[in-house]
Participant: 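The structure under discussion is supplied below as structure tokens; questions concerning it will follow.
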Amino acid sequence: MGNKKIRLGLVGVGNCAASLVEGIVFYKDQETADRVGGLMHYNVGGYEPSDIQVVVGFDVDSKKVGKDVSQAIWEKPNCAYKICDVPFLNAPVLKAPVLDGAPEHLRYYYGKDYFTIDDSQQPVDVAQALIDYKVDVILINLPTGSHDAVRFYVDCAKKAKCGVVNGIPEFIASDPKIAAECKEAGIPVLGDDWKSQIGATIVHRALAKLFEDRGIRIDKSYQLNFAGNTDFINLVMRGETKHVSKHDAISSILKKKDTAIAPGFAFVDNQGDQKTAEIYIEGAKFGNAPVKLQLHLEVEDSPNSGGISIDAVRCCMLAKDRGISGAIEAPSSYFFKHPPVQFTDDVCKEKVNNFIAGK
């Protein structure tokens, strides 16, 4: 690839975007990656983390609009774990259409103004902005439940011939109709809904599969997740698609598809970006003897998506370089909870490595 860059547009300049932007700076060389760890792949088909160049962002919050991305990522309500300082990027945050990405509960929730919208700021022509900034890939990290907004940005990407990486639980890559439209437009799309680098779903999948592989009958299982960031306000208020995404991510890998699995969410204000998950599995083993497992997991939520998005963006660019369009199944299966096709995680890993290698 040489010195080729991936010109990235951020759709939503929130916590997940902040972690990715900082991570690009942090993993500036191979020595740092080897010493610190935290990456699944340093080199993805010739692209290193520093080859991702953020060139523009889109948001509706008046505290972020007009600022450089390097400044906007630290505006409230962002509360992500700080990885490192970020130099000025010369990447402006442009005013986006509001659509359904700005629900009332984010404007005012339990006495707090999480973001404000200045109606005097006119939204830009997003498709034209993507063309003007020569964007290669857009990364969608809008609030959960942004049904119309996500589809609007996919339409803009089709016009501008950008690849799409969809990190939220709106079904884009996994919707055959939308995937077919992207294929016809000649753009790759990856999604849907981040499968965190080490989060509740990936751990739950591994444990549930372990139980089943060892002959354990699972009678019921649940995971409870809580944090204090704006994503969890959305999950409480309009998290229907997230329930589907999490449930399907676990049930899809089990032989017994009707296993009772229930995800749950809570917003706890003083938790900030720290997510806590309680995972419970109950069943029976040899001779119908009972077995129960309870696991407690604490993670910083946004770096969990950063560890995935830094690879997903590069895989999307690889697909674009190779002239592959539509839903890109192999990396989607590894990086997302609700991909077009579900596989067990060992198979997903093999498939994404083969994709990166060009096999």
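Computation of the quantities below employed the complete heavy-atom set of this structure, encompassing side-chain atoms and omitting hydrogens, waters and symmetry-equivalent molecules. For reference, positions follow the sequence shown, starting with 1.
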Participant: Classify the side-chain pair R314/N43 by whether it contains a donor and acceptor separated by less than 3.5 Å.
Facilitator: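 The answer is no; no qualifying pair exists.
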Participant: Answer yes or no: is there an ion pair linking K337 with D248, defined by an N-O contact shorter than 4.0 Å?
Facilitator: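 Looking at D248 together with K337, the answer is no, because their closest N to O distance does not fall below 4.0 Å.
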Participant: Hey, are D301 and N229 close enough side-chain-wise for a donor-acceptor pair under 3.5 Å?
Facilitator: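 Looking only at side-chain atoms, D301 and N229 do form a donor-acceptor pair, the distance falling under 3.5 Å.
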Participant: Minimum heavy-atom separation for Q197 and I308, please, with both atom names.
Facilitator: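 Looks like N-CG1, 3.5 Å.
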Participant: Quick check on the 6.0 Å ring-centre criterion: do W194 and F336 meet it?
Facilitator: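 Yes, close enough.
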Participant: Closer than 4.0 angstrom, basic N to acidic O: yes or no for K158 and E181?
Facilitator: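 Yes, charged N to carboxylate O under 4.0 Å.
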Participant: Looking at every non-hydrogen atom in both residues, tell me the closest pair between S309 and L20 and how far apart they are.
Facilitator: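 The answer is OG-CD1, 3.7 Å.
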Participant: Inspect the surroundings of CZ in R214 and state if more than 12 heavy atoms from other residues, nucleotides or ligands are less than 6.0 Å away.
Facilitator: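 No, because the 6.0 Å sphere around CZ of R214 holds 12 heavy atoms or fewer from other groups.
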Participant: For I73 and N78, which heavy atoms make the closest approach, and how far apart are they?
Facilitator: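 For I73 versus N78, the nearest heavy atoms are O-ND2, 3.0 Å.
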Participant: Side chains of H338 and D193: is there a donor and an acceptor less than 3.5 Å apart?
Facilitator: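 Their side chains do not contain a donor-acceptor pair, so the 3.5 Å distance test is not met.
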Participant: Is it true that atom OH of Y81 has more than 12 heavy atoms of other residues, nucleotides or ligands lying nearer than 6.0 Å?
Facilitator: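 No, because the 6.0 Å sphere around OH of Y81 holds 12 heavy atoms or fewer from other groups.
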Participant: Count the heavy atoms belonging to other residues, nucleotides or ligands that lie under 6.0 Å from NZ of K351, then report whether that count exceeds 12.
Facilitator: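 Check fails, neighbour count at 12 or below.
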Participant: What is the minimum heavy-atom distance between I250 and A208, and which atoms define it?
Facilitator: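 Closest heavy-atom pair between I250 and A208: CG2-CB, 4.2 Å.
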Participant: Within the supplied structure, the quantity of interest is the number of heavy atoms (other residues, nucleotides, ligands) at a distance under 6.0 Å from Q30 CD; does it exceed 12?
Facilitator: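 Above 12, so yes.
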Participant: What pair of heavy atoms forms the shortest contact from T116 to K63, and how long is it?
Facilitator: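 T116 and K63 have their closest heavy atoms at N-NZ, 4.1 Å.
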Participant: Please name the pair of heavy atoms, one in C316 and one in V164, separated by the smallest distance, quoted to 0.1 Å.
Facilitator: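 Closest approach of C316 to V164: SG-N, 3.7 Å.
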Participant: Side chains of N166 and D192: any donor to acceptor distance under 3.5 Å?
Facilitator: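 D192 vs N166: donor-acceptor pair found between side chains.
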Participant: Within a radius of less than 6.0 Å around CZ of F88, do more than 12 heavy atoms belonging to other residues, nucleotides or ligands occur?
Facilitator: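 Buried by this count: over 12 neighbours within 6.0 Å.
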Participant: Where do S302 and D273 land on the side-chain hydrogen bond (donor to acceptor under 3.5 Å, both in side chains) test, with the steps shown first?
Facilitator: CA-CA 7 Å; S302 300; D273 200 45; 3.0 Å; yes
Participant: Should the ring pair Y222 and Y280 be called parallel, tilted or perpendicular, given that the plane angle runs from 0 to 90° and is split at 30 and 60?
Facilitator: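 Aromatic pair Y222/Y280 classed parallel.
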Participant: Determine, for R151 against D148, whether the closest basic-nitrogen to carboxylate-oxygen distance falls under 4.0 angstrom.
Facilitator: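 D148 and R151: not salt-bridged.
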Participant: May I ask you to check whether H296 and T276 show a side-chain donor-acceptor distance below 3.5 Å?
Facilitator: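 Per modelled atom types, H296 and T276 side chains form no pair under 3.5 Å.
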Participant: Determine, for K95 against D118, whether the closest basic-nitrogen to carboxylate-oxygen distance falls under 4.0 angstrom.
Facilitator: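 The answer is no: the pair does not qualify as a salt bridge.
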Participant: Could you walk me through whether D231 and T144 pass side-chain hydrogen bond (donor to acceptor under 3.5 Å, both in side chains), step by step?
Facilitator: CA-CA 7 Å; D231 184 41; T144 294; 3.1 Å; yes
Participant: Looking only at atom types and distance, does a side-chain atom of K285 sit under 3.5 Å from a main-chain N or O of G215, one as donor and one as acceptor?
Facilitator: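 No; zero donor-acceptor contacts below 3.5 Å.
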Participant: Tell me yes or no: between the side chains of Q223 and N225, is some donor less than 3.5 Å from an acceptor?
Facilitator: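 On atom types as modelled, these side chains qualify, holding a pair under 3.5 Å.
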Participant: Strictly below 4.0 Å, N to O, side chains only: are K134 and D136 in salt-bridge contact?
Facilitator: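 Not counted as a salt bridge, because no side-chain N and carboxylate O are separated by less than 4.0 Å.
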Participant: Is NZ or CZ of K67 both nearer than 6.0 Å to the six-membered ring centre of W74 and within 45° of the ring axis?
Facilitator: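 The answer is no; the distance or angle limit is not met.
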